[in-house]
Amino acid sequence: MGYPEQSIDPDHLLAIAAIERFAGKVEYFPGLGERLADELRRKRLVASTASLLRLEGRGVGFEDVESALVSAEENRLDFGWCSDEIIAVCRTWDRLLESPGESGQRDSMATDAASLSAIHASLFRGVPVLGQAAGQLRSEAYVVRAYDEEGGAVGDVFEALAPSELAEILEQTLAGIQDELAGGRRHPLLIVSWLLARLLSIQPFGTGSLRAAHVFCDVILEDLGYRHLQLR
């Protein structure tokens with residue numbers, strides 16, 4: 001399935017323009033000091049992690065993320081709820097978005113299936129419930145079912161691609177996104193928004209597709225200039 005043709009109405013243009021003007025940036029001058037930069041990065045890391053997990057319906061707050069980070073930094077055991085997942089998400093964010101490469105700038109990420117799988121592996125490596133399947137495309141059907149008040153199945157609400165189709169369709173989808181971004185015919189916010197929706201409909205992984213898809217798309221937006229923390 002390729003990127004769909006779209007007609008852009010005035011409301012769409014206004015929304016895009018508002019986001020484009022802000023571009024998700026927090027800019028500051030180097031003269032304010034590296035301590036402030038570190039503090040802003042820390043706050044961003046905590047907020048991004050908590051927000052991502054809340055998208056999945058997890059009751060994770062800023063204080064839960066901060067507690068897990070402090071425990072990891074002090075090499076203490078943290079028996080807090082889902083602390084292993086929190087640490088995995090934080091470390092993935094830090095590696096992909098915060099830590100610069102040898103040039104002092106973060107390296108751009110390839111927009112392909114291998115990169116998506118690598119993100120999934122990073123998010124779930126060391127998480128006991130999913131450790132063995134981290135980074136692997138699902139091998140079983142993915143079906144969302146509706147249930148009645150007594151717990152009986154009443155029908156299927158959604159069924160994702162069959163596992164046999166998954167790898168090929170995923171590669172085609174991401175190749176199409178690369179072409180769209182390179183072509184410059186459509187606004188990148190629309191392209192990446194569609195990609196996120198498409199990945200969630202494909203459900204590449206047995207568990208954790210939403211988490212991996214959001215991180216993947218956020219990194220693409222970073223590469224397109226939508227950075228939360230812009231050094232200058």
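Note that the structure is a prediction, hence the values are computed from the model and not measured.
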**Request:** Evaluate the side chain to side chain contact (heavy atoms under 4.5 Å, CB included) criterion for residues Arg125 and Thr92: first the C-alpha distance (whole Å), next the side-chain angles of each, then the deciding distance (0.1 Å), finally the verdict.
**Result:** CA-CA 10 Å; Arg125 187 179 294 116; Thr92 301; over 6 Å; no

**Message:** What verdict does the side chain to side chain contact (heavy atoms under 4.5 Å, CB included) test give for Leu174 and Leu195, after you've listed the backbone C-alpha separation in whole Å, the side-chain angles of each residue and the deciding distance to 0.1 Å?
**Reply:** CA-CA 8 Å; Leu174 295 176; Leu195 173 60; 3.8 Å; yes

**Message:** Checking Glu222 against Arg44 for the salt bridge (charged side-chain N to carboxylate O under 4.0 Å, His left out) test, could you report, in this order, the C-alpha distance in whole Å, the side-chain angles of both residues, the deciding distance, and whether it holds?
**Reply:** CA-CA 14 Å; Glu222 288 263 333; Arg44 178 199 176 177; 2.4 Å; yes

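Between Glu180 and Leu190 there is no side-chain heavy-atom pair separated by less than 4.5 Å. For the pair Cys90 and Val65, the minimum side-chain heavy-atom distance is below 4.5 Å. Residues Leu199 and Leu116 have side chains in contact (heavy-atom distance under 4.5 Å, counting atoms from C-beta outward). Proximity of Leu181 to Leu224: side-chain heavy atoms (C-beta onward) are separated by under 4.5 Å at one or more points. Taking 4.5 Å as the limit, every side-chain heavy atom of Ser122 sits out of range of all side-chain heavy atoms of Arg91. In this structure the side chain of Ile119 reaches within 4.5 angstrom of the side chain of Leu123, judged on heavy atoms. Residues Leu137 and Ser117 meet the side-chain proximity criterion, which asks for heavy atoms closer than 4.5 Å. Within the 4.5 Å cutoff, the side chain of Phe124 has heavy atoms near those of the Arg211 side chain.
The two residues Ser193 and Leu189 make their nearest non-hydrogen contact at OG-O, 2.6 Å. Here the closest non-hydrogen pair linking Leu96 and Val215 is CD1-CG1, 3.7 Å. Residues Tyr147 and Gly151 come closest through the heavy atom pair CD2-O, 3.4 Å. Here the closest heavy-atom approach between residue Arg138 and residue Ala162 is recorded as NH1-C, 4.4 Å. Taking every heavy atom of both residues into account, Ala160 and Ser201 meet most closely at CB-O, 3.7 Å.
Cluster partners of Val143: none. The rule joins Ile, Leu, Val, Met, Phe, Trp and Tyr whenever side-chain heavy atoms lie under 4.5 Å apart, and it links nothing here. Through chains of ILVMFWY side-chain contacts below 4.5 Å, Tyr142 is grouped with Val144, Val157, Phe158.
The CG atom of Asp94 sits 11.0 Å away from the OG atom of Ser48 when rounded to the nearest 0.5 Å. To the nearest 0.5 Å, atoms CG (Asp218) and NE2 (His214) are separated by 8.0 Å. With rounding to the nearest 0.5 angstrom, the CZ atom of Arg186 is 10.5 Å from the CH2 atom of Trp194. To the nearest 0.5 angstrom, Arg198 atom CZ is 4.5 Å from Thr173 atom OG1. Taken to the nearest 0.5 Å, the CG atom of Leu166 stands 10.0 Å off from the CD atom of Glu171.
For Arg42, the side-chain contact (heavy atoms from CB on, under 4.5 Å) partners at least two apart in sequence or on another chain are Glu66, Leu69, Val70, Glu73. With sequence neighbours left out, the ring-ring contact (aromatic ring centres under 6.0 Å, His included) criterion links Phe216 to no other residue. Residues forming a salt bridge (Lys or Arg N to Asp or Glu O under 4.0 Å) with Glu74 (at least two apart in sequence, or on another chain): Arg76.
Proximity of a side-chain donor or acceptor of Ser67 to a complementary backbone N or O of Glu63 within less than 3.5 Å is not detected. Between the His120 side chain and the Thr207 main chain, a donor and an acceptor come within less than 3.5 Å of each other. In this structure a side-chain-to-backbone donor-acceptor pair under 3.5 Å is present from Gln203 to Leu200.
Within the structure, the salt bridge (charged side-chain N to carboxylate O under 4.0 Å, His left out) test picks out no pair touching residues 112-124 (sequence neighbours left out).
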